[in-house]
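Structure record follows, encoded as structure tokens.
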Amino acid sequence: MSKKAKSSNSAGPVRVGLDLGGTKILAKIFDEEYRELGKAKVKTEGHRGVQSGLKRMGRTIKDALDEAGVKKKQVLTIGVGCPGPIDPVNGILVEAPNLGWKNAPVAEFLGAEFDAPTVICNDVDAGVFAEFEMGAARDSKCVVGIFPGTGIGAGAVVDGQLLHGSGLSCMELGHIPLYPESGGGGSTLETECSRLKIAAESARAAYRGLAPNLLETCGTE
């Protein structure tokens, strides 16, 4: 984003979008026409715990505001996509399996930090709804989306509304047991087919000499 573009949009209110991922935190700043003004990205480092993670989210938003050339007081609203089931009414990330977090008060923390209304949504729900509103699924009556990444998430829009449970987000497709008749054994779609699983198996094959081209191109990292 050029300095000219930043300065031309820096006087009015802005909206913040933040993606809390299993491996990264990405914040973007938009004007009221949803034109991107700035962004910032850091590693999530989920192993450091909930409080550290909340602070990293706040710092990432501040860095994005600095990159956009706008002030903290100009933040009008904040929207956060979270990996895992959420309580949308209370703004709580109930559990993030790939981060090891439980009951993270995301909306409360960021709302107080930036004195702005903050709403959270399951990250895949947010992505699917965006495609329904503005992307590949526009003008559809219903849509289902499956997103492979650090884990595997899914979301659905039915008759224009996100599909939720009675109190929590749902469509946690990645955690469905693959072989329930054998007692499960911890094997789920996510543990067998996620990006982490594919990367681990690829590195193992390269290390064992079973994937020479991969070893030459990427090594075993």
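Residues take their numbers from the sequence shown, with the count starting at 1.
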Using a 3.5 Å cut-off and no angle test, enumerate the donor-acceptor pairs between side-chain atoms of residues 83-91 and protein atoms at least two apart in sequence or in another chain.
unit_1	atom_1	unit_2	atom_2	d
D87	OD1	V89	N	3.2
D87	OD1	N90	N	3.2
D87	OD2	N90	ND2	2.8

Show me the donor-acceptor pairs within less than 3.5 Å that the side chains of residues 134-144 make with the rest of the protein, sequence neighbours left out.
unit_1	atom_1	unit_2	atom_2	d
R138	NH2	M134	O	3.0
S140	OG	A137	O	2.9

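More than 12 heavy atoms of other residues, nucleotides or ligands sit less than 6.0 Å from atom CD of E133. When the shell of 6.0 Å around NZ of K55 is examined, it contains 12 or fewer heavy atoms from other residues, nucleotides or ligands.
Under the rule for a side-chain contact (heavy atoms from CB on, under 4.5 Å), the partners of T77 that lie at least two apart in sequence or sit in another chain are R15. Listed by chain and residue number, C121 satisfy the side-chain contact (heavy atoms from CB on, under 4.5 Å) test with A126 (two or more places apart in sequence, or in another chain). In terms of the side-chain contact (heavy atoms from CB on, under 4.5 Å) criterion, residue partners of F147 (sequence neighbours excluded) are, by chain and number, V124, V128. Residues forming a side-chain contact (heavy atoms from CB on, under 4.5 Å) with L173 (at least two apart in sequence, or on another chain): I146, A154, I176, L189. Residues that satisfy the ring pair (Phe, Tyr, Trp, His ring centres under 6.0 Å) test with F129, not counting sequence neighbours, are F132.
Counting only heavy atoms from C-beta outward, the side chains of L20 and L93 approach each other to under 4.5 Å. Between I78 and F114, some side-chain heavy-atom pair lies under the 4.5 Å cut-off. Residues L65 and V14 form a side-chain contact, since some pair of their non-hydrogen atoms from C-beta on lies under 4.5 Å apart. A heavy-atom distance below 4.5 Å is not found between the side chains of R59 and V42.
Remark: side-chain polar atoms of T44 are paired, donor with acceptor, to backbone N or O of G21 under 3.5 angstrom. Looking only at distances, no side-chain donor or acceptor of S52 sits under 3.5 Å from a matching main-chain atom of G49. Put simply, the side chain of T188 never gets that close to the backbone of P177: no donor and acceptor are under 3.5 Å apart.
The CD1 atom of I152 sits 6.0 Å away from atom OG of S194, with the distance rounded to the nearest 0.5 Å. To the nearest 0.5 angstrom, Q74 atom CD is 11.5 Å from D31 atom CG. Rounding to the nearest 0.5 Å gives a distance of 9.5 Å between CG of N98 and OG1 of T23. In this structure, the separation between NZ on K73 and CG on L76 is 14.5 Å, given to the nearest 0.5 Å.
Linking Ile, Leu, Val, Met, Phe, Trp and Tyr residues whenever their side-chain heavy atoms come within less than 4.5 Å places V75 and I29 in a single cluster. Residues V70 and L110 share a hydrophobic cluster, clusters being chains of Ile/Leu/Val/Met/Phe/Trp/Tyr side chains in contact below 4.5 Å. Placement of I92 and L54 in two distinct hydrophobic clusters is found when ILVMFWY residues are connected by side-chain heavy-atom separations under 4.5 Å, directly or transitively. Placement of I120 and I25 within a single hydrophobic cluster is found when ILVMFWY residues are connected by side-chain heavy-atom separations under 4.5 Å, directly or transitively. Hydrophobic clustering (side-chain heavy atoms under 4.5 Å, transitive across Ile, Leu, Val, Met, Phe, Trp, Tyr) groups V16 together with L37.
Scanning both residues, A27 and A64, for their nearest heavy atoms gives O-CB, 3.9 Å. Nearest heavy-atom pair, A206 versus G219, reported as atom, atom and distance to 0.1 Å: CB-O, 4.0 Å. When all heavy atoms of P97 and H175 are compared, the closest pair comes out as CG-NE2, 3.7 Å. The two residues C170 and G165 have their closest heavy-atom pair at SG-N, 3.8 Å. Across all non-hydrogen atoms, the minimal contact from D63 to A40 is CB-CB, 3.7 Å. Considering all non-hydrogen atoms of both residues, L162 and D125 come closest at CD2-O, 3.6 Å.
Listed by first and then second residue, the salt bridge (Lys or Arg N to Asp or Glu O under 4.0 Å) pairs that reach into residues 193-216 are K197-E201, E201-R204, sequence neighbours excluded. Contacts classified as side-chain hydrogen bond (donor to acceptor under 3.5 Å, both in side chains) and involving residues 100-119 (residues at least two apart or in different chains) are given here: K62-E113. Among pairs with a residue in residues 38-50, those fulfilling salt bridge (Lys or Arg N to Asp or Glu O under 4.0 Å) read E45-R48, E45-R56, at least two apart in sequence or across chains. Annotation: salt bridge (Lys or Arg N to Asp or Glu O under 4.0 Å) contacts involving residues 18-29, sequence neighbours excluded, comprise D19-K24, K28-E36. Applying the salt bridge (Lys or Arg N to Asp or Glu O under 4.0 Å) test to residues at least two apart or on different chains, none of the pairs has a partner in residues 144-154.
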